[in-house]
Amino acid sequence: MPKNRGNYYMTTAIAYTSGKPHIGNTYEIVLADSIARFRRQQGYNVFFQTGSDEHGQKIEEKAAAAGVSPKEFVDEVSTEIKRIWDLMNTSYDKFIRTTDEDHEKQVQRIFKKLYDQGDIYKGAYEGLYCTPCESFWTESQLVDGKCPDCGREVKPAKEEAYFFKMSKYADRLIDYINEHPEFIQPVSRKNEMMNNFLLPGLQDLCVSRTSFKWGIPVDFDPKHVVYVWLDALTNYITGIGYNCDGESSDLFKANWPADLHLIGKDIIRFHTIYWPIFLMALDLPLPKQVFGHPWLIQADGKMSKSKGNVIYADDLVDMFGVDAVRYFVLHEMPFENDGVISWELLVERMNSELANTLGNLVNRTISMSNKYFGGVVNKTGVNTDGAVDAEGNSADYDADLKAVVTGTVKKVEDKMATLHVADAITEVFTLFKRCNKYIDETMPWALAKDEAKKERLEEVLYNLVEGITIGANLLKAFMPETTERVLAQLYPDNMEAGLRDFDDLDKFGLRESGLKVTEKPEILFARLDIEEVLAKVEEIQAAQKAAAGGVKYPEVEAKEEISIDDFDKIQIRVGEVLKCEPVKKAKKLLCSQIRVGDEVRQIVSGIAQFYKPEEMVGKKVAVITNLKPVKLCGVESQGMILAASDDEGNLSVLTVDKDIIAGSEIK
């Protein structure tokens with residue numbers, strides 16, 4: 001057994017129950033699971049918590065649209081989230097739901113405690129509200145007039161509310177962050193929080209709502225429900241038994257403060273500003289680290305059910321298997337920048353890294369052991385110590401192989417210590433690649449032709465089996481089923497004999513001599529044909545479109561109502577396209593000469609992928625004529641052609657259906 005390194009408490013963000021999680025949502029739980037499994041392997045007593053976030057206005061609205069109660073809606077979605085998490089073989093210790101009775105009661109007590117000590121007060125809120133993000137904003141915080149987090153429209157909102165005095169703790173939090181540089185990771189996230197929110201000054205935070213009912217009631221003022229972030233964030237302590245009125249559980253005492261909150265970069269503000277301040281007010285220590293991971297982005301644009309291009313974990317698993325999907329999402333995500341997912345890239349990784357580098361290595365090694373020695377793997381000690389090639393260069397292949405294999409555990413441990421998970425997996429596959437190179441260097445098929453080199457051949461195959469054994473053990477946190485499948489073939493009589501203590505993974509030669517490998521090696525990862533995969537993808541996408549209910553109307557965020565005076569500020573006139581040609585060095589732009597009354601205007605439009613230049617000539621289009629001129633790719637544009645676009649990416653310029661003179665005003 002590895003030495004006991006103590007307790008390690010880690011959490012993911014709890015998944016919002018607005019719908020089935022796609023692969024981008026699923027990435028986080030797989031990332032967290034790899035960290036939890038690795039810490040357990042190192043000897044930590046890990047408690048790994050995840051769950052579902054089930055309150056808020058958005059849930060209330062979705063439930064109403066579905067014709068069910070909010071509780072029925074979240075019960076169904078939470079069950080689906082848990083199914084996906086289990087499908088991906090994640091080893092969480094607790095799945096908390098914010099509708100759990102013990103959580104709701106404790107949230108009410110926390111709210112009352114903060115109110116009684118003067119941190120929460122009653123007032124009225126008037127501001128701009130983003131329903132999808134459940135967030136209030138001031139005018140100055142908006143980006144181009146929209147929510148700075150999701151880019152959607154915001155709406156004016158005014159209601160009675162309770163507020164938390166954020167400014168009371170702001171300086172204390174700033175000092176803490178400066179004194180604990182490891183608290184917010186990566187460093188770019190820390191800089192963002194400091195420069196954009198803390199240093200400019202915090203406003204008091206709205207922590208209750210009255211405009212909807214689906215939330216935890218404020219027990220001393222029942223027309224209010226607790227604001228979703230105070231409700232959701234406290235799961236990290238309520239889930240392990242925190243009690244603000246009395247004795248907390250032994251689990252809480254053993255594990256708080258958390259070692260790691262693993263979250264998406266989009267919600268880091270809530271976890272590194274609001275949450276630490278709530279904890280300060282409760283006189284609790286802050287978590288040791290909050291890590292804001294990047295996003296997994298789809299290569300072919302935004303996911304949309306109507307487009308049929310949403311990638312779900314269960315579809316990927318059906319196509320590639322659980323561990324192949326785990327490998328992909330972990331390996332393809334950089335430390336700070338967003339990763340990209342596509343069906344084509346999945347097939348490429350499946351065929352190159354998994355089928356070739358790992359699968360072929362295991363298959364070749366077992367097949368040669370059976371062919372030359374009936375499956376028995378012996379350690380003979382006949383090696384290449386001190387060997388040199390004809391040019392005097394080192395040809396000590398055994399020593400080099402062993403150095404790479406035994407040195408990998410330290411490299412993986414160092415990468416995982418800083419949560420560079422993708423780099424840690426790369427180190428393991430570097431080990432497997434070194435084993436493949438060792439086969440090319442030692443040429444077992446050539447050794448087999450010389451009876452005098454039998455013992456040398458045995459040593460080569462022993463070294464390969466031992467190297468793969470250590471590599472398979474290092475792969476356990478990332479691809480646990482694959483580790484078991486590899487070791488079951490290398491140790492068919494007792495797979496447990498292939499499992500090594502973490503502290504022994506830098507030792508080469510622990511396999512007992514004389515053990516046999518399996519007689520019938522299995523294919524770990526089958527190579528896939530890209531055309532066959534894409535044909536299946538078309539079926540998946542067609543099914544998604546059908547499930548979307550036939551005609552899918554575009555999802556358009558409603559904008560703030562305007563008066564007729566506002567509308568009158570925009571001048572729209574009929575323009576006749578006289579000439580149209582592509583803009584040099586701009587694939588999407590066309591430059592049109594358009595007659596508007598007694599003048600000709602030059603207008604640049606991003607419509608090249610939808611219209612050929614000759615198709616535009618002669619059209620009478622709707623043109624906004626009182627926009628300030630701008631330059632696009634160095635070409636001046638003196639207005640804008642109006643066009644409509646849908647969620648499928650289709651675009652159509654707006655034309656008049658009767659022969660009306662160019663220059664006529666559209667009212």
### Query
Can you check side chain to side chain contact (heavy atoms under 4.5 Å, CB included) on F335 and V421, steps first, answer last?
CA-CA 8 Å; F335 181 68; V421 178; over 6 Å; no
### Message
How about NZ on K71, more than 12 heavy atoms from neighbouring residues, nucleotides or ligands closer than 6.0 Å, or not?
### Response
yes
### Message
Quick check: do K20 and R83 have side-chain heavy atoms less than 4.5 Å from each other?
### Response
yes
### Message
Aromatic contact between Y327 and F429, with the criterion being ring centroids under 6.0 Å apart: yes or no?
### Response
yes
### Query
Where the side chain of E615 meets the backbone of K612, is there a donor-acceptor pair that is under 3.5 Å apart?
yes
### Message
If I compare all heavy atoms of V583 with all of C633, which pair ends up nearest, and what's the gap?
### Response
CG1-CB, 4.3 Å
### Task
Report the distance from atom CD1 of I84 to atom OG1 of T26, rounding to the nearest 0.5 Å.
6.0 Å
### Query
Is K433 salt-bridged to E353, going by a charged N under 4.0 Å from an acidic O?
yes
### Query
Atom CD1 of I96 and atom OG1 of T238: how far apart are they, to the nearest 0.5 Å?
4.0 Å
### Query
Can you check salt bridge (Lys or Arg N to Asp or Glu O under 4.0 Å) on D53 and R97, steps first, answer last?
CA-CA 6 Å; D53 178 6; R97 299 179 58 186; over 6 Å; no
### Message
Here's one to test your reading of the geometry: is the NZ or CZ of R189 within 45 degrees of the ring axis of F291 and under 6.0 Å from its centre?
### Response
no
### Query
If you measure only the distance, is there a donor-acceptor pair under 3.5 Å linking the side chains of E104 and H55?
yes
### Message
Is it the case that the side chain of S592 and the backbone of V577 share a donor-acceptor pair, with hydrogens and angles ignored and the cut-off at 3.5 Å?
### Response
no
### Task
Verify, without hydrogens or angle tests, whether E159 (side chain) and T210 (backbone) share a donor-acceptor contact under 3.5 angstrom.
yes
### Query
Yes or no on salt bridge (Lys or Arg N to Asp or Glu O under 4.0 Å) for K536 and D315, after CA distance, side-chain angles and deciding distance?
CA-CA 10 Å; K536 293 178 181 178; D315 289 329; over 6 Å; no
### Task
Using a 4.5 Å cut-off on heavy atoms from C-beta on, say whether the side chain of S605 contacts that of M640.
no
### Summary
Nearest heavy-atom approach of P480 to D323 is N-OD2, 3.6 Å
### Query
So, does T357 use its side chain to make a donor-acceptor pair with the main chain of L354 at under 3.5 Å?
no
#### Entry: Point-to-point distance, once rounded to the nearest 0.5 Å, from SG of C147 to NZ of K155
13.5 Å
### Message
Using side-chain heavy atoms (C-beta onward) and a distance below 4.5 Å, is I35 in contact with M10?
### Response
yes
### Message
In the structure I gave you, are the side-chain heavy atoms of C591 and C580 within less than 4.5 Å of one another anywhere?
### Response
no
### Task
Please check if the side chain of E28 supplies one atom and the backbone of G264 the other of a donor-acceptor pair under 3.5 Å.
yes
### Task
State whether the side chain of Q49 and the backbone N or O of N235 hold a donor-acceptor pair below 3.5 Å, judged by distance alone.
yes
### Query
Are the ring centres of W229 and F270 closer than 6.0 Å?
yes
### Residues K213 and E60 bridged, charged N to O under 4.0 Å
no
### Query
Distance-only, no hydrogens or angles: does the D529 side chain make a donor-acceptor pair with backbone N or O of E532 under 3.5 Å?
yes
### Message
Assess, by modelled atom type and distance only, whether the side chains of N363 and E522 contain a donor and an acceptor separated by less than 3.5 Å.
### Response
no
### Task
Answer yes or no: is there a side-chain heavy-atom contact under 4.5 Å between T482 and F525?
yes
### Message
Atom CD of residue position E61 - does it have more than 12 heavy atoms of other residues, nucleotides or ligands inside 6.0 Å?
### Response
yes
### L330 side, atom CG; S34 side, atom OG - distance, nearest 0.5 Å
5.0 Å
### Message
Can you confirm if the aromatic rings of H271 and Y236 lie within a centre distance of less than 6.0 Å?
### Response
yes
### Query
Does one side chain, of E192 or S188, offer a donor that lies under 3.5 Å from an acceptor on the other?
no
### Query
Minimum heavy-atom separation for A157 to Y129, with atom names?
CB-CB, 4.0 Å
### Message
Can you confirm if the NZ or CZ of K94 lies within 45° of the ring axis of F47 and under 6.0 Å from the centre of its six-membered ring?
### Response
no
### Task
Heavy atoms only: give me the nearest I81-S52 pair and the separation to one decimal.
CD1-CB, 4.4 Å
### Query
Distance-only, no hydrogens or angles: does the H103 side chain make a donor-acceptor pair with backbone N or O of E101 under 3.5 Å?
no
## Note on the structure
Heavy-atom nearest pair, F73 first then T17, reads CE2-O, 3.2 Å
### Query
Are L346 and I341 close enough that some pair of their side-chain heavy atoms sits under 4.5 Å apart?
yes
### Query
Looking just at side-chain N and O atoms, do T79 and E76 make a donor-acceptor pair shorter than 3.5 Å?
no
### Sidechain N-carboxylate O distance under 4.0 Å for D338, K265
yes
### Query
When you look at E153 and K146, which way does the salt bridge (Lys or Arg N to Asp or Glu O under 4.0 Å) test go after all the steps?
CA-CA 5 Å; E153 299 290 338; K146 296 182 179 180; 3.6 Å; yes
### Query
Cut-off 3.5 Å, side chains only: do D86 and Y92 have a donor facing an acceptor?
yes
### Query
Would you find a donor on one side and an acceptor on the other, under 3.5 Å apart, between the side chain of T98 and the backbone of E54?
yes
### Query
Does R269 reach the main-chain N or O of D149 with its side chain, forming a donor-acceptor pair under 3.5 Å?
no
### Task
For atom CD of E614, decide whether the heavy atoms of other residues, nucleotides or ligands shown that lie under 6.0 angstrom number more than 12.
yes
### Task
Using salt bridge (charged side-chain N to carboxylate O under 4.0 Å, His left out) as the criterion, point out the one residue from K476, R39, R326 that pairs with D33.
R326
### Query
Would you say the side chain of V428 lies within less than 4.5 Å of the side chain of T430, judging by non-hydrogen atoms?
no
### Task
Specify whether H293 and Y27 have parallel, tilted or perpendicular ring planes, treating 30° as the upper limit for parallel and 60° as the lower limit for perpendicular.
perpendicular
### Query
With a 4.5 Å heavy-atom cut-off, do K190 and T272 have their side chains touching?
no
### Working for side chain to side chain contact (heavy atoms under 4.5 Å, CB included), residues F95 and S78
CA-CA 10 Å; F95 188 98; S78 181; 3.6 Å; yes
### Query
Would K62 and K58 satisfy side chain to side chain contact (heavy atoms under 4.5 Å, CB included), going step by step from the backbone distance to the final call?
CA-CA 6 Å; K62 281 186 168 287; K58 187 175 180 180; 3.9 Å; yes
### Message
Just verifying a value: how many Å separate I641 CD1 and I603 CD1, rounded to the nearest 0.5 Å?
### Response
5.5 Å
### Query
For the residue pair A355 and A526, what are the closest heavy atoms and their distance?
CB-C, 4.5 Å
### Query
In Å, rounded to the nearest 0.5 Å, how long is the span from CD1 of I268 to NE2 of H261?
11.5 Å
#### Entry: CA sep, side-chain torsions, deciding dist, call: F610, S652, side chain to side chain contact (heavy atoms under 4.5 Å, CB included)
CA-CA 8 Å; F610 305 99; S652 175; over 6 Å; no
